[in-house]
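Residue numbers start at 1 and run along the sequence shown. The shown structure was predicted, so the numbers you read here are calculated from the model rather than taken from an experiment.
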Amino acid sequence: QSRCQKFDFKRISTEKIYSHLIDISKKESIIFEDIALQLIAKRSNGGMRDAQSLLDQLSLLPQGIKKNSVEELIGEVSENELLELINSLVENNPELLLKSCSKLYDQGNEPIAILEGLLNITRDLLIQTNSVEYSDLFYTSNDFYEELKRLSKLVSKPTVISWHNNLKNIEYQIKTSNQPRLWLEINLT
């Protein structure tokens, strides 16, 4: 150990990654949506190399870097696509829930991606039940903030905590099951 150097790497802030991605995009004349670069910065989890790699892959698209392209590349279900599913949970409507799940599957979304999207929204919903203004604390986008505020008025904090715990507990079942769709639907209903 005396002949080794130890480096402690820290995560880079989302804001620094975002501003660096803007600089790169402008220098390279890459067409981009602002929200798409924010999403890349958030989803890179503090890793500049990951963010730059995503930017590089997306820069090849002729229409430029758009939010839906980022979500598609990283295999994430968009918040707007999950909205109907969240509303069915809020309304305690199993029929709408199953229709929403089916619609998400038909669009090519995997059960684990749907579950992760729901976990992210319930986490942010929990933060919003404390009436917090939008910031980097939220995993969801700024565009989804108004929906979070609306939903937070319809559900209680204990309910959101219960949902989050139940969703987290089925993650292993979905990852290891031969029928992940079935497990997701059963547990959601």
Side-chain angles (χ1 to χ4, degrees), residues 11-26 30-61 63-90 100-101 103-105 107-155 157 159-161 163-164 167-168 171 188:
R11 294 183 187 277
I12 302 169
S13 74
T14 301
E15 190 56 44
K16 284 183 181 177
I17 292 173
Y18 169 66
S19 101
H20 190 64
L21 293 177
I22 287 178
D23 289 344
I24 292 171
S25 298
K26 287 180 179 176
I30 299 170
I31 301 166
F32 64 91
E33 288 180 343
D34 199 50
I35 193 162
L37 294 188
Q38 289 173 353
L39 184 60
I40 291 171
K42 274 188 176 183
R43 298 312 186 260
S44 63
N45 293 317
M48 187 65 78
R49 186 178 63 184
D50 291 344
Q52 289 176 335
S53 176
L54 278 172
L55 181 72
D56 186 41
Q57 290 174 48
L58 291 161
S59 69
L60 301 173
L61 297 173
Q63 75 274 16
I65 301 173
K66 298 189 180 285
K67 182 183 176 200
N68 61 347
S69 303
V70 176
E71 291 169 340
E72 195 174 294
L73 181 67
I74 61 178
E76 187 172 286
V77 184
S78 82
E79 300 141 353
N80 293 328
E81 289 177 1
L82 288 168
L83 188 57
E84 189 175 293
L85 186 57
I86 293 285
N87 283 324
S88 68
L89 288 171
V90 170
S100 300
C101 281
K103 184 177 170 185
L104 289 168
Y105 297 136
Q107 292 171 347
N109 296 301
E110 293 296 322
I112 195 67
I114 295 169
L115 177 68
E116 288 170 359
L118 286 173
L119 282 166
N120 293 333
I121 291 175
T122 55
R123 176 202 173 272
D124 286 0
L125 203 52
L126 185 61
I127 294 170
Q128 185 54 45
T129 57
N130 294 316
S131 299
V132 176
E133 288 300 314
Y134 186 83
S135 69
D136 281 342
L137 290 175
F138 288 88
Y139 199 77
T140 52
S141 67
N142 190 13
D143 291 350
F144 197 69
Y145 182 64
E146 289 302 316
E147 281 300 329
L148 274 180
K149 281 180 19 181
R150 181 186 69 79
L151 291 167
S152 70
K153 293 174 185 165
L154 301 174
V155 291
K157 193 175 192 174
T159 300
V160 176
I161 291 170
W163 285 354
H164 195 77
L167 289 171
K168 192 64 186 150
E171 187 174 18
L188 288 177

Exercise. Evaluate the side-chain proximity of D56 to I24: yes if any heavy-atom separation is below 4.5 Å, no if none is.
Key: no
Quiz item: Does atom CD of E72 have more than 12 heavy-atom neighbours, drawn from other residues, nucleotides or ligands, at distances under 6.0 Å?
Solution: no
Quiz item: What's the spacing between S141 OG and N80 CG if we round to 0.5 Å?
Solution: 7.0 Å
Self-check item: Greater than 12 external heavy atoms within 6.0 Å of E76's CD
Solution: yes
Self-check item: Non-hydrogen side-chain atoms of R43 and Y139 separated by less than 4.5 Å
Solution: yes
Quiz prompt | Check: K42 side chain, T140 main-chain N or O, donor-acceptor pair, under 3.5 Å | solution = yes
Quiz item: Where the side chain of S53 meets the backbone of D50, is there a donor-acceptor pair that is under 3.5 Å apart?
Solution: no
Quiz item: Does the side chain of C101 come within less than 4.5 Å of L188's, by heavy atoms?
Solution: yes
Quiz item: Which atoms form the tightest heavy-atom contact between L89 and W163, and what is the distance?
Solution: O-CZ2, 3.6 Å
Quiz prompt | Minimum heavy-atom distance between T129 and V155, given as atom pair plus value | solution = CG2-O, 4.5 Å
Exercise. Flag the pair D124 / F144 as yes when at least one side-chain heavy-atom distance between them is below 4.5 Å, and no otherwise.
Key: no
Quiz item: Considering residues, nucleotides and ligands other than R11, do more than 12 of their heavy atoms fall under 6.0 Å from its CZ?
Solution: no
Quiz item: Checking side chain to side chain contact (heavy atoms under 4.5 Å, CB included) for the pair I161/L126: CA distance, chi angles, key distance, verdict?
Solution: CA-CA 7 Å; I161 291 170; L126 185 61; 3.6 Å; yes
Practice problem: Ignoring hydrogens and angles, state whether a donor on the side chain of Y18 or D34 is under 3.5 Å from an acceptor on the partner side chain. | Solution: yes
Quiz item: If you round to the nearest 0.5 Å, how far is NE2 of H20 from OG of S13?
Solution: 12.5 Å
Quiz item: With a 4.5 Å limit on heavy-atom distance, are the side chains of L118 and V77 in contact?
Solution: no
Quiz item: If every non-hydrogen atom of A51 is compared with every non-hydrogen atom of L21, which pair is closest and at what distance?
Solution: O-CD2, 3.9 Å
Self-check item: Spacing of CG belonging to N45 relative to CD1 belonging to I12, to within rounding of 0.5 Å
Solution: 12.0 Å
Quiz prompt | Distance (rounded to the nearest 0.5 Å) between Q52 CD and S44 OG | solution = 9.5 Å
Quiz item: Are S78 and N68 side-chain neighbours, meaning at least one heavy-atom pair lies under 4.5 Å?
Solution: no
Self-check item: Rounded distance (nearest 0.5 Å) linking atom CG of L167 with atom CG of L119
Solution: 5.0 Å
Exercise. Evaluate the criterion side chain to side chain contact (heavy atoms under 4.5 Å, CB included) for residue pair N87 and L151; output intermediate values, then yes/no.
Key: CA-CA 8 Å; N87 283 324; L151 291 167; 3.5 Å; yes
Practice problem: Calculate, to the nearest 0.5 Å, the distance between atoms CD and CG belonging to E147 and L83 respectively. | Solution: 4.5 Å
Quiz item: If you take all heavy atoms of L125 and S152, which pair is closest and at what distance?
Solution: CD1-N, 3.7 Å
Quiz item: Thinking salt bridges, do E146 and R150 make one under a 4.0 Å N-O criterion?
Solution: no
Self-check item: Test side chain to side chain contact (heavy atoms under 4.5 Å, CB included) applied to L148 and F138, step by step
Solution: CA-CA 10 Å; L148 274 180; F138 288 88; 3.7 Å; yes
Quiz item: Has the side chain of N109 got a donor or acceptor atom that lies under 3.5 Å from a matching backbone atom of L104?
Solution: yes
Exercise. Compare every heavy atom of K67 with every heavy atom of I35, then report the nearest pair and how far apart it is.
Key: CG2-CB, 3.9 Å
Practice problem: Would you confirm whether S69, through its side chain, and I65, through its main-chain N or O, come within 3.5 Å as a donor-acceptor pair? | Solution: no
Practice problem: Start with the C-alpha distance between Q128 and Y145, add both sets of side-chain angles, then the distance that settles side chain to side chain contact (heavy atoms under 4.5 Å, CB included), and finish with yes or no. | Solution: CA-CA 9 Å; Q128 185 54 45; Y145 182 64; 3.0 Å; yes
